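What follows is a short report on a single structure.
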Protein chains: 2
Amino acid sequence: MPARVTTLKELAAQLGLSITTVSRALAGHEQIALKTRQRVTEAARLAGYVPNTAARTLVSGRSGFVGMVLPIRGPNLVDSFLGEFVTGLGEGLVSHGSDLILAAAAQGQSELSVLRHVVESGRADGVVVTRIAEVDERLAYLRQRNFPFVAHGRLLDGDFAYHWLDTDGAHAFGEAFDMLYDLGHRHFGLVTISEPMTFRHLRQDGLAAAIARRGDPSVRLDVATAPRFDRGARTQAINRLLHAAERPTAIVALFDELALTVMEEAGRAGLAIPHDLSVIGFDNIAASAYAPPGLTTFDASIRQCAREIGEMLLTVIGDRPTTPLTRLVRPTLVSRASHGPAPTGRN
Amino acid sequence: MPARVTTLKELAAQLGLSITTVSRALAGHEQIALKTRQRVTEAARLAGYVPNTAARTLVSGRSGFVGMVLPIRGPNLVDSFLGEFVTGLGEGLVSHGSDLILAAAAQGQSELSVLRHVVESGRADGVVVTRIAEVDERLAYLRQRNFPFVAHGRLLDGDFAYHWLDTDGAHAFGEAFDMLYDLGHRHFGLVTISEPMTFRHLRQDGLAAAIARRGDPSVRLDVATAPRFDRGARTQAINRLLHAAERPTAIVALFDELALTVMEEAGRAGLAIPHDLSVIGFDNIAASAYAPPGLTTFDASIRQCAREIGEMLLTVIGDRPTTPLTRLVRPTLVSRASHGPAPTGRN
DNA sequence: CGCACCATTTAAAACGTTTGCAATTTCTCT
DNA sequence: AGAGAAATTGCAAACGTTTTAAATGGTGCG
C-alpha cells in the first residue's frame, strides 16, 4: 500500500498544482487540460485518495446520505422486513453512490425526535418513512419542513401531495375474498390489529369493498382485533373467532404472523387446514412456506419495493419534482395449501 | 413550530453572544456562567437547534458514525440475520448517540473497496466486519490502517490482535454430538458449505473434537459439502448423504437453512423425523420453529451479540484499548422435535 | 513588437463548528 | 480607590472541500 495521502492539499503539493486544479481535475471539469486531468486522476488513484465527506458536505450542502429511523422495540421484536427492506434500499442507492444512515430510536424515544435530529443536523439529503400511521406526525413535519422524503405507504386522505410507494393491500384482500367466495365460503373471519396504521385500513376496506361488490347478503364477516405486539391478546381474539357458536370457514389475516397464529390455534382446536378452515395471510414471510400445510399468502416483494423507494428518493433529492411520484405495487398471490373449498356439512 | 435557526451564528446573534460562547454553553463548559448556559440552552431548545454534523465532524475529526458494508447478493438472497443484526447494533449505538451507516456493495463490487471508501472518506469512526473469511483482506486492511473495528467472528490463527465477538459454534457442535451420541447415534452426517469462512472451520472442528474426545472407533462421520448459495448443489449433496448404502442416523447441519433442506429432502425420501433421522441445525431462524416437526437448533442470539458489538466498538473508538477485547458467546440449545433416539433396527 | 484572445491555472472565500489564546468584565482585598 | 486575581466572554484559526472571480502564460495577428 502506497503512502496514504489524505487531503487534497497533500495531493496538490505532490503534483505541484493548486488545490483548485486538483479538485477540478478530479471532478472532470473540461476547463482543466486533459493531460493534467489524467495526471491528477492517476496520482489520486495511486495515493488511494478519497475526498473527505464532511468537508464536501459542508460546502456543497449535500451529504450523499439517505436516512431512515430504526425504531427499537421490545427485546424480541424485530421488524420482520427490516433485512429485506434495507437490502433493497441499499441496492437502490448504490448506483448513485449514496449510503444509508440508520438512526435508532430507543424504546420510548419518539421516532419523530430522531427524525428531526437526522434532518436538522444535515446528516441526510432525504429520508424514507415506513409504517405510515393514520395521523402521522413524521409526514406532517417533513412536509412543513419541505424536506425530501418518500413514504412506504399512504395516508388515507390525500390532503397533501407527497411521494410514496405502497403495496396494494386493498386489491389483494379483494382477490382473497373473491377466491374464497368462489370456493364456496360465505362466513369469513378477519384477524386484524388495533393500531391506527393506514395499511390496516386499506386492506380491510379492500375486503369490505369486495364483499359489497359481490352483493350477496348471506356473506358474513366476523372481526377479531388485538394490539399488534400483544401475543396473549392476539391468541385470545383468534380463539374467540375459532370457538364461536358459528365458526367462520375462512379466515383472512392482516399479515402472516397473525395467519400463522391462526393456524397454530386451529391445530390446537383440532381443526384441519384447509379441510375445516381456510387461512390466508399477507406478506409471505419465510416461516409461511414452512408452517404446515404451507400458508397461502401474498408476496409484497419488499426488497424490490425498497429498491424502487431508494431510486425514487434519489430522484426527489435530485430533481425536486413538483408533482408527486406515486407507485402502487400489486402483490402476487402465493398459493399454497392453507385454503380450499368450504366444508360442505356443518361441523 | 418556531422560526428555524439553523446555525450557531444565528443563535449567537439572536442571543447577543459570540459563537464561541454559545458553542461552549451548549457543550456545558464550566467556564461559561451558569446563567448564560441556561439561557443559551433554552434558546437552542426553542429554536430547535441541532448542530451541523458535517461541520462538527470536520473540525473534531469524529463523525459519530459507525459503518458497515452491506453486500448485495443475488435477487433473492437476503442475509437472514441482517434485520436482527442491524437492530441489535442500533440498540448498542443509540445510547451514545451514534448512528449506523450502511454502505452497499453492489454485486460484483468488492466488499473491500466499499470498506476502504467508508474509512478513507472519514464517514465513520469505526466499522463492524461480519462473516470473517479464513484469509480476510478486510481485516488485513483495517489492521494496517489501524482503524477501529470489531469483527463478528474470529480468524483461525491469532496472528494479530484485534477486537472480536464470536459465537462459540465449536462448543455447540460438540454439544450436539454428545447429545446425539447419548441417544445412541453412531453414524453421523455433516452438511456444510465449501466457502472458506472461519465459522465453518470452527464448527466442524468442534464436532471433530467431540468425536475424538469420546474415543469411540465405531463413530462414523460423512460429510456433504456444497457452495453456500447454490441450492441445486446443496440438495444434491444432501441426497447423496440420504441415499447412501449406509445412511447416517443423525445429521448435523452447519446452519438452519441447510438443516431445513435436509428435513425437506428426508420427507421427500419417506424418512420420518426424528424416528428415522435426527436433524440438528444452528442459528434458530424463524422458519425453524414452524418447519415440522420443529427443528432442534442453537440460538446464537444475534441481536444481543450485535448490541454488544456496537458497545464494544464504541469503547474501541473512545478508548483505543491496547489489549484486544474479545468475547465468546455460547449459543443455547433450542430443543424441538427433530432429534431423538437412534433407530434400533437397521432399515 | 505589441495587443488581444484563448486556454489553463490559481487565490481566496465560504460552509458551520470547535478550540487555543487573549481580552474584557467582575470581584476581592487592602 | 486601586491593584490584582478570578470569572466570563470573544477573536481568530483550523478542519478539507467547492466555487467565484481573477491571474497567468502562450499564441496568432496586424
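Letters A, B, ... are given to chains in the order of the sequence lines, protein chains preceding strands, and every chain is numbered from 1. Remember, predicted model here, so these are calculated numbers, not experimental data.
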Which atom pairs, donor and acceptor, lie under 3.5 Å between side-chain atoms of residues 309-326 of chain B and protein residues at least two apart or in another chain?
from	atom 1	to	atom 2	distance (Å)
B/E311	OE2	B/R307	NE	3.4
B/T315	OG1	B/E311	O	3.0

Could you work out, with side-chain hydrogen bond (donor to acceptor under 3.5 Å, both in side chains) as the rule, every residue matching B/H96, not counting sequence neighbours? none
Salt bridge (charged side-chain N to carboxylate O under 4.0 Å, His left out) with B/E42: which residues, sequence neighbours excluded? B/R45
When the C1' atoms of the five terminal pairs at each end define the local axes, what inter-axis angle does the helix from C/dC1-D/dG30 to C/dT30-D/dA1 show, to 10 degrees? 60°
Measure the distance from NE2 on A/H29 to C1' on C/dT8 and round it to the nearest whole Å. 14 Å
Do A/Y162 and A/F160 make the cut of ring centroids closer than 6.0 angstrom? yes
Rounded to whole Å, please give me the gap between CD in A/E120 and P in C/dG16. 14 Å
Under 4.0 Å between a side-chain N/O of B/S23 and OP1 or OP2 of C/dT18, yes or no? yes
Please enumerate all residues that pass side-chain hydrogen bond (donor to acceptor under 3.5 Å, both in side chains) together with B/D79, with sequence neighbours excluded. none
How would you list, by chain and number, every residue that makes a side-chain contact (heavy atoms from CB on, under 4.5 Å) with B/L26, sequence neighbours excluded? B/L8, B/L11, B/V22, B/V40, B/A44, B/Y49
I'd like a table of donor-acceptor pairs (distance under 3.5 Å, sequence neighbours excluded) in which one partner is a side-chain atom from residues 122-135 of chain A, with atom names and distances.
from	atom 1	to	atom 2	distance (Å)
A/R123	NE	B/D99	OD2	2.9
A/R123	NH1	A/S121	OG	3.2
A/R123	NH1	B/T53	OG1	2.8
A/D125	OD1	A/S63	N	2.8
A/D125	OD1	A/S63	OG	3.2
A/D125	OD2	A/S63	N	3.3
A/D125	OD2	A/G64	N	2.7
A/E134	OE2	A/R200	NH2	3.2
A/E134	OE2	A/H201	ND1	3.0

Qualifying ring-ring contact (aromatic ring centres under 6.0 Å, His included) pairs, either residue in residues 58-88 of chain B, two or more places apart: A/F65-B/F65, B/F85-B/H152
Reported OG1-to-CZ distance for the pair B/T87 and A/R73, which is rounded to 0.5 angstrom: 9.0 Å
According to salt bridge (charged side-chain N to carboxylate O under 4.0 Å, His left out), who are the partners of B/R327, at least two apart in sequence or on a separate chain? B/E308
Could you list the residues that satisfy side-chain contact (heavy atoms from CB on, under 4.5 Å) with B/Q31, not counting sequence neighbours? B/R24, B/H29
Rounded to whole Å, please give me the gap between CZ in A/R123 and P in C/dC15. 21 Å
Send over the distance from A/L26 CG to D/dT19 P, rounded to a whole Å. 13 Å
Nearest whole Å is fine: how far is C/dT17 C1' from B/K9 NZ? 12 Å
A/Y49 side chain N/O closer than 4.0 Å to the phosphate oxygens (OP1, OP2) of D/dT17? yes
Protein within reach of the bases, or only the backbone? For nucleotides 5-13 of chain D, mark each nucleotide 5' to 3' as B, S or -, using heavy atoms under 4.0 Å. ---SBBBB-
To the nearest angstrom, how far is A/K35 atom NZ from C/dA7 atom C1'? 13 Å
What residues 53-62 of chain B contributes to the DNA chain C interface at heavy-atom separation below 4.0 Å is B/A55, B/R56, B/V59
A/L8 CG to D/dT17 P, straight-line distance once rounded to whole Å: 5 Å
